[in-house]
Each structure stands twice: as structure tokens, then as C-alpha cells.
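Note sheet for the following structure.
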Amino acid sequence: MRSLLFVPGDSRKKLDKGFASGADALLIDLEDSVALDAKEEARRVTAGFLAEAVPMADRPRLYVRVNGLTTGLTDADLDGVMQAAPDGIVLPKTVGGADVSHLGAKLAVREAEYGLSDGATRILAIATENALGVFALGTFAGASHRLMGLAWGGEDLSADIGAEANRDEAGAYTEPYRIARSLTLLGSAAASVDPIDAVYTNFRDLEGLGAECRQARRDGFVAKMAIHPAQVPVINEAFTPSEEALARARAVIDAFQANPGAGVVGVGGEMLDRPHFLRAERLLKRAGLI
């Protein structure tokens with residue numbers, strides 16, 4: 001997945017628009033974009049949409065963002081949508097691996113109840129929306145076989161720590177959010193799951209979005225969340241490996257396969273070692289070539 005588009009779960013019109021946006025995944029929202037008195041309607045609309053969309057062969061992955069574990073609404077959200085078999089659940093306000101394990105147990109019960117394959121429902125954890133979550137980023141390894149990725153975000157975090165803003169005058173994240181971003185990368189690597197970059201809230205600034213995507217890809221993120229369909233093509237382009245990058249990765253793999261006992265190989269005038277092989281392998285896997 002390269003692009004993950006948030007869509008309010010209480011609007012069938014927006015769900016249909018998101019479905020046609022070209023996003024690799026829809027994150028159907030029952031949390032922040034849905035008012036408290038509209039939660040039940042959002043569950044109904046979301047379940048109806050999933051029932052129609054899940055059986056389709058050519059579709060984005062369909063994840064549902066439930067309300068956090070401390071809200072008292074998570075079970076009602078799961079009861080409302082799990083029968084329709086979403087591909088995954090997005091857990092907001094995650095505080096470490098314990099929360100992922102807790103959600104995994106809830107999913108296992110509902111998979112059994114609704115006749116779904118055990119373990120089929122994946123989990124995407126948004127792991128930096130409060131200070132507790134930032135300090136728990138090293139605890140996800142082994143938490144659940146369902147965990148497929150860690151995402152970070154700075155909007156809720158800024159509210160939690162009482163910041164006036166999370167970006168400086170030039171539009172760059174300030175230090176607390178750069179720390180959260182970096183720790184998400186490291187936490188994802190430690191847990192062997194995908195690191196997913198935060199939303200870019202100025203949906204009209206596609207140039208700024210593109211620059212932030214390229215920086216994220218450079219640093220190791222493999223995807224980015226979006227809040228508007230217009231952002232999807234920019235994100236997809238940025239996170240799609242170029243032919244040049246794929247050719248380079250193939251050359252690295254080929255060089256090591258041709259010299260299975262070598263610790264270092266030469267490719268294009270450079271001496272490369274094992275980390276370069278692993279990096280090339282990950283790139284080709286993301287492109288579906290391994």
C-alpha cells in the first residue's frame with residue numbers, strides 16, 4: 001500500500017468517491033470525523049458499504065478506524081462492522097503492543113462469531129497520538145500477528161502536549177513531532193511492520209505534499225495517509241519505485257546471488273554489503289516483484 005485515504009464512515013457519497021479515487025486503501029472513519037450522535041448511523045452506513053464493496057475483485061483494501069479503546073465505543077464499532085469482513089481495523093490512540101494485543105483478542109472473538117477466517121483481520125496502529133504512545137513505540141514486536149503497520153500523526157499529539165502548533169513558519173514539523181516520526185520508523189523496523197507517514201493537512205498544497213512524500217520515502221516510510229482524494233495521485237507517484245530504482249535493486253540482488261559466499265559485492269563501481277541487499281529486497285517486495 002502506498003496511499004491510505006481517510007473517508008468519513010457516515011457519508012455514502014464520500015465513501016463512493018473515495019472508492020474511485022485510486023487510493024490503495026480506504027480508512028473508513030468512525031472516530032474523529034463522525035459526531036458522537038452520528039456514530040450509530042456511521043456504523044450502519046459503513047457496514048452497508050463494506051457488504052457491497054468487499055466481494056469486488058478490483059478494489060482498494062478496506063480498513064475501518066474504530067474509536068479508541070478508552071472511549072467505551074470500540075466494541076459497538078466492531079459489532080457494527082465486523083460481520084461485513086473489513087480487511088483491517090485502524091486503532092487510534094494506540095499505547096504500545098498491549099493495546100494491539102487487546103484489539104486482536106476482540107477481533108478473534110468476532111471472526112469466530114461471524115465465520116471469518118481466524119487472523120484475517122489486520123491491524124494498523126496509529127501510535128503517536130499521545131505522549132504515552134510515543135514512549136511505547138518499542139513494545140510492538142510480537143504483540144500480534146495481525147499488526148501490519150504503524151502510523152504516526154501530529155494533530156492529536158499536539159493537543160495532548162498542549163502545543164500551539166506542530167509546524168514552524170516554514171511548514172516543517174517542530175522538534176517534538178520529528179522525534180515522534182523518527183521513533184515510529186524505528187518502532188516499525190523493530191516490529192517488522194510497515195511505517196506509514198502522517199497526513200498532510202493542507203490538501204490544496206500538492207507541491208508541499210509531494211515534497212513531504214519524497215522526504216518520507218527517503219527516510220524509510222513506505223506509504224502515507226491522505227485526507228482528500230486529490231492527494232492520492234501525488235502520494236501514489238511518490239511511493240511508486242522508479243524503473244531506475246527497480247533496475248538498481250535487481251542488479252544488487254543478482255550480484256549477491258551470483259556470489260553467494262561473498263560479504264561484499266561490486267555494483268556500478270560501488271562496494272555493497274548485506275544492508276544493501278536487504279534494502280533492495282524490500283524494494284522489490286513492495287513492488288510485487290518478489
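Residue numbers run from 1 in the order of the sequence given.
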Subject >> Verdict with supporting geometry, Glu31 and Phe6, side-chain contact (heavy atoms from CB on, under 4.5 Å) >> reply: CA-CA 11 Å; Glu31 194 212 15; Phe6 279 110; over 6 Å; no
**OP:** Return the minimal non-hydrogen interatomic distance between Val7 and Gly18, and the atom names on each side.
**Re:** CG2-CA, 4.3 Å
Original post:
Above 12 or not: heavy atoms from other molecules or residues under 6.0 Å from CZ of Arg110?
Top reply: yes
**OP:** Quick one: list whatever passes side chain to side chain contact (heavy atoms under 4.5 Å, CB included) with Ser33, sequence neighbours left out.
**Re:** Pro8, Asp29
**OP:** Not counting sequence neighbours, list each pair that qualifies as a side chain to side chain donor-acceptor pair (under 3.5 Å) and has a residue in residues 120-133.
**Re:** Glu111-Thr121
Original post:
Would Met225 end up clustered with Ile235 when hydrophobic side chains under 4.5 Å apart are linked, directly or stepwise?
Top reply: no
Original post:
What is the minimum heavy-atom distance between Ala84 and Ala47, and which atoms define it?
Top reply: CB-O, 3.8 Å
Original post:
Does Leu5 belong to the same Ile/Leu/Val/Met/Phe/Trp/Tyr cluster as Val45, with side-chain heavy atoms less than 4.5 Å apart forming each link?
Top reply: yes
**OP:** Take atom CD of Glu237 as the centre, draw a 6.0 Å sphere, and report whether it contains more than 12 heavy atoms from other residues, nucleotides or ligands.
**Re:** no
Subject >> Cluster overlap Leu103 with Ile196, hydrophobic side-chain contacts below 4.5 Å >> reply: no
**OP:** May I have the step-by-step check of side-chain contact (heavy atoms from CB on, under 4.5 Å) for Val90 and Val64, ending in yes or no?
**Re:** CA-CA 6 Å; Val90 180; Val64 177; over 6 Å; no
Original post:
For the side chain of Lys224 and the backbone of Ala198, is there at least one donor-acceptor N/O pair under 3.5 Å apart?
Top reply: yes
**OP:** Please confirm whether the backbone N or O of Phe221 pairs with a side-chain atom of Asp197, one donor and one acceptor, at under 3.5 Å?
**Re:** no
Ignoring hydrogens and angles, write down the donor-acceptor pairs under 3.5 Å from the side chains of residues 248-267, residues two or more places apart or on other chains.
{"residue": "Arg248", "atom": "NH2", "partner": "Glu270", "partner atom": "OE2", "Å": "2.8"}
{"residue": "Asn259", "atom": "ND2", "partner": "Ala255", "partner atom": "O", "Å": "2.9"}

Subject >> Whether Phe19 and Phe49 hold their rings parallel, tilted or perpendicular, with breakpoints at 30° and 60° >> reply: perpendicular
**OP:** Please examine the side chains of Leu107 and Ile123, heavy atoms only from C-beta on, and report whether any two atoms are closer than 4.5 Å.
**Re:** yes
Original post:
Side chain of Thr139, backbone of Gly97: donor and acceptor closer than 3.5 Å?
Top reply: yes
Original post:
Any ion pair linking Glu175 and Arg178 (charged N to carboxylate O, less than 4.0 Å)?
Top reply: yes
**OP:** Begin with the C-alpha distance, continue with both residues' side-chain angles, and end with the deciding distance and a verdict on side-chain contact (heavy atoms from CB on, under 4.5 Å) for Ile126 and Leu91.
**Re:** CA-CA 6 Å; Ile126 305 181; Leu91 182 63; over 6 Å; no
Original post:
Any donor-acceptor pair under 3.5 Å linking the side chain of Asp194 with the backbone of Leu150?
Top reply: no
Subject >> Partner set under ring-ring contact (aromatic ring centres under 6.0 Å, His included) for Tyr173, not counting sequence neighbours >> reply: Trp152
**OP:** Indicate whether the side chain of Thr240 and that of Arg2 have a donor and an acceptor atom separated by less than 3.5 Å.
**Re:** yes
Subject >> Value rounded to 0.5 Å, distance of CD in Glu212 from CG in Asn202 >> reply: 10.5 Å
Original post:
Minimum heavy-atom separation for Ser144 to Val100, with atom names?
Top reply: CB-CG1, 3.7 Å
**OP:** Spell out, as yes or no, whether a donor-acceptor pair under 3.5 Å connects the side chain of Thr46 to the backbone of Arg43.
**Re:** no
Original post:
Is there side-chain contact between Leu69 and His102, with heavy atoms separated by less than 4.5 Å?
Top reply: yes
Original post:
With a 4.5 Å limit on heavy-atom distance, are the side chains of Pro86 and Val54 in contact?
Top reply: no
Subject >> Full working for side chain to side chain donor-acceptor pair (under 3.5 Å) between Asn67 and Lys93 >> reply: CA-CA 9 Å; Asn67 289 274; Lys93 315 294 191 297; over 6 Å; no
Original post:
Closest approach of Ala190 and Ala141, non-hydrogen atoms and distance?
Top reply: O-CB, 3.6 Å
**OP:** Would you give the length of the straight line joining atom CD of Glu40 to atom CG of Asp77, rounded to the nearest 0.5 angstrom?
**Re:** 9.0 Å
**OP:** Would you name the heavy atoms of Pro60 and Ala23 that are closest together and state the gap between them?
**Re:** CB-O, 3.3 Å
Original post:
Which pairs, with at least one residue in residues 11-20 and sequence neighbours excluded, count as a salt bridge (charged side-chain N to carboxylate O under 4.0 Å, His left out)?
Top reply: Arg12-Asp16, Arg12-Glu52
Original post:
Hey, does Leu62 have a side-chain heavy atom less than 4.5 Å from the side chain of Leu50?
Top reply: yes
Subject >> Ser101 (side chain) donor-acceptor with Ala143 (main chain) under 3.5 angstrom >> reply: yes
**OP:** Enter the distance from Asp87:CG to Ile89:CD1 here, rounded to the nearest 0.5 Å.
**Re:** 10.0 Å
Original post:
Any Lys/Arg nitrogen of Arg214 or Asp219 sitting under 4.0 Å from an Asp/Glu carboxylate oxygen of the other?
Top reply: no
Original post:
Around Arg204, counting heavy atoms of other residues, nucleotides and ligands shown, do more than 12 lie under 6.0 Å from its CZ?
Top reply: no
Original post:
Within the side chain of Asp160, is there an N or O that forms a donor-acceptor pair under 3.5 Å with the backbone of Asp156?
Top reply: no
Subject >> Members sharing Leu73's hydrophobic cluster (side chains within less than 4.5 Å) >> reply: Leu36
Subject >> Spacing of Arg65 atom CZ and Leu26 atom CG [to the nearest 0.5 Å] >> reply: 13.5 Å
Subject >> Nearest-0.5 Å distance, CZ of residue Arg146 to CG of residue Leu124 >> reply: 14.5 Å
Original post:
Any side-chain heavy atom of Leu4 within less than 4.5 Å of one from Asp24?
Top reply: no
Original post:
Is any side-chain heavy atom of Tyr177 closer than 4.5 Å to a side-chain heavy atom of Ser158?
Top reply: yes
Subject >> Within one Ile-Leu-Val-Met-Phe-Trp-Tyr cluster: Val34 and Ile28, side-chain cutoff 4.5 Å >> reply: no
**OP:** Check whether Ile227 and Val232 end up in the same hydrophobic cluster, where Ile, Leu, Val, Met, Phe, Trp and Tyr are linked by side-chain heavy atoms less than 4.5 Å apart.
**Re:** no
Original post:
Around Phe135, counting heavy atoms of other residues, nucleotides and ligands shown, do more than 12 lie under 6.0 Å from its CZ?
Top reply: no
Original post:
Any side-chain donor-acceptor pair under 3.5 Å between Asn236 and Ser3?
Top reply: yes
**OP:** Would you mind reporting whether Leu186 and Leu137 have side-chain heavy atoms less than 4.5 Å apart?
**Re:** no
Subject >> N/O donor-acceptor pair under 3.5 Å between Gln83 side chain and Asp79 backbone >> reply: no
Subject >> Non-hydrogen atoms of Ala38 and Asp10 that approach each other most closely >> reply: CB-OD2, 4.3 Å
Original post:
Do any N or O atoms from the side chain of Thr71 and from the backbone of Gly68 form a donor-acceptor pair under 3.5 angstrom?
Top reply: yes
Original post:
Just how far is it from atom OG1 of Thr201 to atom CG of Leu209, taken to the nearest 0.5 Å?
Top reply: 10.5 Å
Original post:
Under a 4.5 Å cut-off applied to non-hydrogen side-chain atoms, are Leu157 and Glu155 in contact?
Top reply: no
**OP:** Test Leu147 against Phe140 for side-chain contact (heavy atoms from CB on, under 4.5 Å), laying out the working first.
**Re:** CA-CA 8 Å; Leu147 184 65; Phe140 287 98; 4.0 Å; yes
